[in-house]
Amino acid sequence: MPEAAVDIRDLVKRYGATLAVDGLTFDAAFGQVTAVLGPNGAGKTTTLESLVGLRRPDGGTVRALGLDPHRDAATLRARTGVMLQDGGLPLGARAGSVLRHVASLYATPRPVDDLVERLTLAPFLRTPVRHLSGGQRQRLALAVALVGRPELVLLDEPSAGMDPQSRRVVWDFVAELRDDGVAVLLTTHLMDEAEALADAVVVVDHGTVIARGTVGELTRSTGLVRLTVPDGLDLAAFGAATGAPVREAGPGQYVVDTPGTPETLAALTAACAAQGAQLTSLDVGRRTLEDVFLDLTGRELR
């Protein structure tokens with residue numbers, strides 16, 4: 001067995017004149033959840049598609065379970081579970097037929113009844129895929145990805161469109177896979193999902209890795225103070241008065257990158273008072289993965 005479940009070195013992928021992936025390098029270990037995070041267009045989905053042989057790299061090397069996704073496609077397919085954004089499910093087939101058919105392709109599949117129960121698929125097993133809701137289709141796609149008892153699972157936005165109860169079931173399933181020694185590669189726009197599940201985080205932007213580490217390593221800092229001032233603040237004057245970087249996270253919501261010491265809090269409240277601004281809430285805490293992600297990739301819409 002290879003040391004790393006996924007080993008990507010200097011991956012390059014172009015679409016015409018567009019450089020979608022630009023020298024991307026990272027690996028993913030067995031028995032861990034590795035979250036690959038990035039804004040839209042960062043190259044995440046192209047990277048996953050390269051891992052499963054749907055895209056042929058223009059440069060670099062890609063290995064999954066020590067195998068070449070193109071040369072060893074058949075062997076790799078039998079050992080890998082894949083859940084991509086579009087699902088790849090046949091729209092005209094009934095949900096139960098799809099799952100049973102995929103299970104029949106494996107020598108020792110996970111019991112279909114177990115997946116049906118765990119992911120609450122029974123209410124729509126006889127429903128054609130095209131008539132499933134987004135969340136139902138996601139649960140079916142996850143069952144299809146897991147029925148073959150894969151050693152490597154690639155999950156692209158696995159809980160998109162799901163209600164909170166379904167999300168929790170998916171999270172529990174992912175944690176079980178990790179505990180069983182399966183390598184899980186996860187892409188998600190939900191920072192709370194990544195923070196809850198990931199053992200390792202890789203942040204990608206403009207087709208290359210810009211940060212990596214554990215959630216704790218990436219969020220380690222002196223702290224943050226969050227303020228709510230409904231009438232707004234003059235940011236320049238506030239920053240000058242407190243000597244700390246401040247940004248507006250939303251209407252009337254401000255984040256100050258500073259430790260929440262008594263002296264700091266006194267300076268912040270004094271700066272609000274100097275502007276005649278009513279402070280309605282103040283929260284002292286650590287930086288979240290979302291804070292780090294926005295700092296690294298920017299706050300503008302892509």
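Being a predicted model, the structure only gives us computed values, none of them experimental.
Between the side chains of Asp156 and Thr187, at least one donor N or O lies within less than 3.5 Å of an accepting N or O. Under the 3.5 Å distance criterion, with hydrogens and angles disregarded, a donor-acceptor pair is assigned to the side chains of Glu193 and Ser159. Ser50 and Thr47 share no side-chain donor-acceptor pair at under 3.5 Å. Thr288 and Asp291 form a side-chain donor-acceptor contact under 3.5 Å, judged by distance and modelled atom types alone.
Asp72 contributes no side-chain N or O that, together with a main-chain N or O of Thr75, makes up a donor-acceptor pair within less than 3.5 Å. In terms of modelled atom types and a separation under 3.5 Å, the side chain of Lys44 and the main chain of Pro39 share a donor-acceptor contact.
Each of Leu190 and Trp171 belongs to its own hydrophobic cluster when Ile, Leu, Val, Met, Phe, Trp and Tyr are linked at side-chain heavy-atom distances under 4.5 angstrom. Neither Tyr15 nor Leu11 shares a network with the other; the hydrophobic side chains, linked directly or stepwise wherever heavy atoms of I, L, V, M, F, W or Y lie under 4.5 Å apart, form separate groups for each. Tracing side-chain contacts under 4.5 Å through hydrophobic residues (I, L, V, M, F, W, Y), one reaches Leu142 starting from Val102; they form part of the same cluster.
Taking 4.5 Å as the limit, some side-chain heavy atom of Val209 sits within range of a side-chain heavy atom of Val202. Side chains of Leu177 and Leu146 form a contact here, defined as non-hydrogen atoms less than 4.5 Å apart. Between Ser166 and Arg139, the closest side-chain pair of non-hydrogen atoms falls below 4.5 Å. In this structure the side chain of Asp113 never reaches within 4.5 angstrom of the side chain of Leu115, judged on heavy atoms. By the 4.5 Å heavy-atom criterion applied to side chains, Arg149 and Val182 are not counted as neighbours. The side-chain heavy atoms of Leu24 and Val204, taken from C-beta on, include a pair separated by under 4.5 Å. Using a 4.5 Å cut-off on side-chain heavy atoms (C-beta onward), Val225 and Asp283 make no contact. Residues Val21 and Thr46 are in side-chain contact: their nearest non-hydrogen atoms beyond the backbone lie under 4.5 Å apart.
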Between Leu282 and Leu279, is the side chain to side chain contact (heavy atoms under 4.5 Å, CB included) condition met? List the steps. CA-CA 8 Å; Leu282 184 151; Leu279 177 63; 4.0 Å; yes
Any chance you could lay out the side chain to side chain contact (heavy atoms under 4.5 Å, CB included) test for Thr61 and Ile8, step after step, and finish with the verdict? CA-CA 6 Å; Thr61 60; Ile8 299 176; over 6 Å; no
Residues Val292, Leu296; criterion side chain to side chain contact (heavy atoms under 4.5 Å, CB included); working and verdict: CA-CA 6 Å; Val292 174; Leu296 289 169; 3.7 Å; yes
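The existence of a salt bridge linking Arg56 and Glu49 is excluded, since no basic side-chain nitrogen approaches an acidic carboxylate oxygen closer than 4.0 Å. Using a 4.0 Å cut-off between charged nitrogen and carboxylate oxygen, Asp180 and Arg178 do not count as a salt-bridge pair. Between Asp192 and Arg167, at least one side-chain N (NZ, or NE/NH1/NH2) sits under 4.0 Å from a carboxylate O, which counts as a salt bridge.
Within the model, atoms CE of Met162 and CD of Gln138 stand 5.5 Å from one another, a figure rounded to the nearest 0.5 Å. Of the inter-residue distances, the one linking His189 atom NE2 with Phe293 atom CZ reads 6.5 Å to the nearest 0.5 angstrom. With rounding to the nearest 0.5 angstrom, the CG atom of Leu186 is 13.0 Å from the CD atom of Gln32. For the atom pair NE2 of His131 and CD of Gln136, the computed distance is 12.0 Å after rounding to the nearest 0.5 Å. Here Leu76 contributes atom CG and Leu152 contributes atom CG; the two are 7.0 Å apart, rounded to the nearest 0.5 Å. Residue Leu54 holds its CG atom at 8.0 Å from NE2 of His70, rounded to the nearest 0.5 Å.
A cation-pi contact, defined as under 6.0 Å to the ring centre and within 45° of the axis, is absent between Arg247 and Tyr254.
Glu117 CD: 12 or fewer foreign heavy atoms inside a 6.0 Å radius.
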